[in-house]
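Remarks on the structure that follows.
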Amino acid sequence: MNKLLLPALLLLGTASAAPRVSAQSIIVNPTQPDLQVRVWTDRDPSGQGTPNYAVGDRIRLYTSVNDDAYVYLFNVNPDGSIDQILPNRYASGANFVKANTVKQFPAAGDRFTFDISGPYGVNKVLALASKTPLDLNQVSSFKSGQPFAQVNVSGQEKFAQALSIVVNPIPDDNWVTDTAYYNVAGGNVVRPQPQPPVVVTPAPAPTRPNPIISIGIDITIRPFSGAQDVRTYNTEGGSRIEFTANSRLETVFNSYNDQLVSQGYTLRSRENRGDRIEGRYVKGRQQATLEVRQNASGRFEVEISK
């Protein structure tokens with residue numbers, strides 16, 4: 001669990017479709033709204049990797065949106081406990097974020113630091129953006145005199161289910177989520193210099209609809225929303241899709257992962273390799289592989305095979 005340090009003190013509309021809880025226990029909007037949110041750490045401005053931190057290191061988190069929105073930040077610890085980061089009761093703890101600006105936590109000038117402590121393992125930072133304020137009473141509550149809210153649920157799956165209830169009344173195009181990861185590692189950790197934050201503007205809509213791709217007899221894949229210059233190729237046992245999009249590797253992978261899960265496939269393993277993510281799935285006796293790559297020019301290559 002991470003801890004916050006003060007000088008000399010230790011502080012800690014109707015929806016048209018229901019939100020989905022992914023195989024990674026993340027709430028996912030079943031549509032692809034125009035609203036976008038990004039979250040990342042100071043050691044990985046892309047938000048696509050899993051940078052290492054050692055106990056005692058200081059970490060900064062960043063988030064941005066492409067439209068005015070309320071952003072809720074949570075840290076899911078390796079042991080399943082959850083910390084609510086935004087909103088909080090510090091001067092910089094308001095969670096309304098203007099379009100195309102970057103919200104930093106802790107903010108410049110804050111008199112506290114966000115310091116890494118145990119347990120070891122991969123932490124997940126969840127950003128939930130909404131065009132209207134959300135009622136988090138079922139999820140967290142502020143205790144008297146405490147600057148941070150106490151999350152009332154434990155475990156990733158229960159937490160995701162509780163948040164899905166919160167956003168369920170919100171119209172589909174009014175909320176969206178994003179995740180970033182970081183690892184609390186033991187031993188010596190290489191500490192790169194922090195990189196300046198990057199704001200991503202929304203991708204333009206495609207100029208024409210792209211065809212639905214059938215793979216085998218039971219997998220149907222819809223093109224990624226916002227994809228341009230789409231090209232498809234037949235491969236041994238499947239298909240490869242190539243396109244350009246103003247998006248992130250993690251977002252593209254999650255989009256195709258959700259399509260496979262919705263068709264009855266279960267994610268059994270996932271491997272991040274820097275510029276590519278590979279997932280392996282099962283459905284009864286059927287097996288499938290999803291590999292999403294981003295080449296040096298930024299073009300995405302999605303290969304799905306059985």
Side-chain angles (χ1 to χ4, degrees), residues 1-5 12 24-27 36-66 69 71-88 90 92-93 95 97 100-110 112-129 148 151 156 159 176-200 247-254 270-277 294:
M1 179 176 178
N2 297 310
K3 58 186 178 181
L4 292 160
L5 299 179
L12 195 116
Q24 294 80 30
S25 295
I26 303 169
I27 59 167
Q36 296 180 14
V37 63
R38 287 192 63 229
V39 61
W40 66 98
T41 70
D42 54 355
R43 292 188 183 171
D44 179 31
S46 72
Q48 299 174 10
T50 308
N52 288 324
Y53 291 82
V55 171
D57 283 351
R58 292 180 177 179
I59 184 173
R60 288 188 186 273
L61 304 177
Y62 301 88
T63 185
S64 67
V65 286
N66 66 339
V71 178
Y72 301 83
L73 278 185
F74 300 90
N75 192 97
V76 182
N77 299 285
D79 61 2
S81 61
I82 297 129
D83 303 315
Q84 179 175 309
I85 299 171
L86 285 178
N88 62 66
Y90 285 111
S92 62
N95 64 322
V97 181
N100 300 318
T101 63
V102 174
K103 177 80 171 180
Q104 173 181 302
F105 180 84
D110 277 343
F112 62 90
T113 58
F114 193 20
D115 289 15
I116 298 293
S117 63
Y120 296 121
V122 175
N123 288 251
K124 179 189 301 177
V125 182
L126 172 68
L128 167 60
F148 287 90
V151 177
Q156 296 189 51
F159 175 60
V176 71
T177 59
D178 188 34
T179 53
Y181 298 85
Y182 66 93
N183 182 51
V184 178
N188 296 325
V189 174
V190 177
R191 297 173 172 85
Q193 293 296 318
Q195 299 296 316
V198 178
V199 178
V200 175
S247 190
R248 301 166 51 219
L249 186 68
E250 179 83 19
T251 302
V252 174
F253 177 87
N254 287 342
R270 166 179 161 153
E271 186 175 357
N272 287 54
R273 303 178 182 175
D275 62 348
R276 66 181 61 196
I277 304 176
Q294 189 172 22

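If you're wondering where the values come from, they're calculated on a predicted model, not measured in any experiment.
Under the 6.0 Å distance and 45° angle rule, Arg43 does not count as a cation-pi partner of Tyr182.
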Next on the checklist: Could you go through Arg38 and Arg248, starting from their C-alpha distance and side-chain angles, then the distance that decides it, and tell me whether this counts as side chain to side chain contact (heavy atoms under 4.5 Å, CB included)?
Outcome noted: CA-CA 9 Å; Arg38 287 192 63 229; Arg248 301 166 51 219; 3.5 Å; yes
Next on the checklist: Run Arg276 and Gln294 through side chain to side chain contact (heavy atoms under 4.5 Å, CB included) and show every step you take.
Outcome noted: CA-CA 6 Å; Arg276 66 181 61 196; Gln294 189 172 22; over 6 Å; no
Next on the checklist: Show, in sequence, the C-alpha distance, side-chain angles and deciding distance for Thr177 and Tyr72, and conclude whether the side chain to side chain contact (heavy atoms under 4.5 Å, CB included) test is met.
Outcome noted: CA-CA 9 Å; Thr177 59; Tyr72 301 83; over 6 Å; no
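Leu73 and Ala127 make their closest contact through CD2-CB, 3.6 Å (heavy atoms, listed as atom of the first residue, atom of the second, distance). When all heavy atoms are compared, the tightest approach of Ser46 to Gly49 is OG-N, 4.2 Å. Contact between Pro78 and Val122 at its shortest, heavy atoms only, is CG-O, 3.5 Å.
Residues passing the side-chain contact (heavy atoms from CB on, under 4.5 Å) test with Asn272, sequence neighbours excluded: Glu250, Arg270, Ile277. Applying the side-chain hydrogen bond (donor to acceptor under 3.5 Å, both in side chains) test to Arg58 and every residue at least two apart in sequence or in another chain returns nothing. Residues passing the side-chain hydrogen bond (donor to acceptor under 3.5 Å, both in side chains) test with Gln48: none are found, sequence neighbours excluded.
Taking the six-membered ring wherever Trp is involved, the centroid distance between the rings of Tyr62 and Phe105 does not fall below 6.0 Å.
The backbone N or O of Asn183 sits nowhere less than 3.5 Å from a side-chain atom of Asn123 that would complete a donor-acceptor pair. Looking at Asp57, its side chain does come within 3.5 Å of a backbone N or O of Ala54 through a donor-acceptor pair.
A 4.5 Å side-chain heavy-atom check between Val76 and Phe159 finds at least one atom pair inside the cut-off. At least one side-chain heavy atom of Asn66 sits less than 4.5 Å from a side-chain heavy atom of Asn100. Within the 4.5 Å cutoff, the side chain of Leu61 has heavy atoms near those of the Thr41 side chain. Inter-residue side-chain proximity for Tyr181 and Asp44 is flagged as unmet; no heavy-atom pair is nearer than 4.5 Å.
Looking at Asn77 and Asp83, their side chains do bring a donor and an acceptor atom within 3.5 Å of each other. Using a 3.5 Å distance cut-off with no hydrogens or angles, the side chains of Tyr120 and Asp79 do not pair a donor with an acceptor.
Checked against Val65 for a side-chain contact (heavy atoms from CB on, under 4.5 Å), the options Val102, Asp178, Val37 give a single hit: Val37. Tested against Asn75 for a side-chain contact (heavy atoms from CB on, under 4.5 Å), the candidates Leu126, Val125, Ile59 yield a single pass: Val125.
Atom OG1 in Thr179 sits 11.0 Å away from atom CD1 in Ile27 (nearest 0.5 Å). Separating the CG atom in Leu249 from the CG atom in Asn254 is a distance of 9.5 Å, to the nearest 0.5 Å. Atom CD in Gln36 sits 6.5 Å away from atom OG in Ser247 (nearest 0.5 Å).
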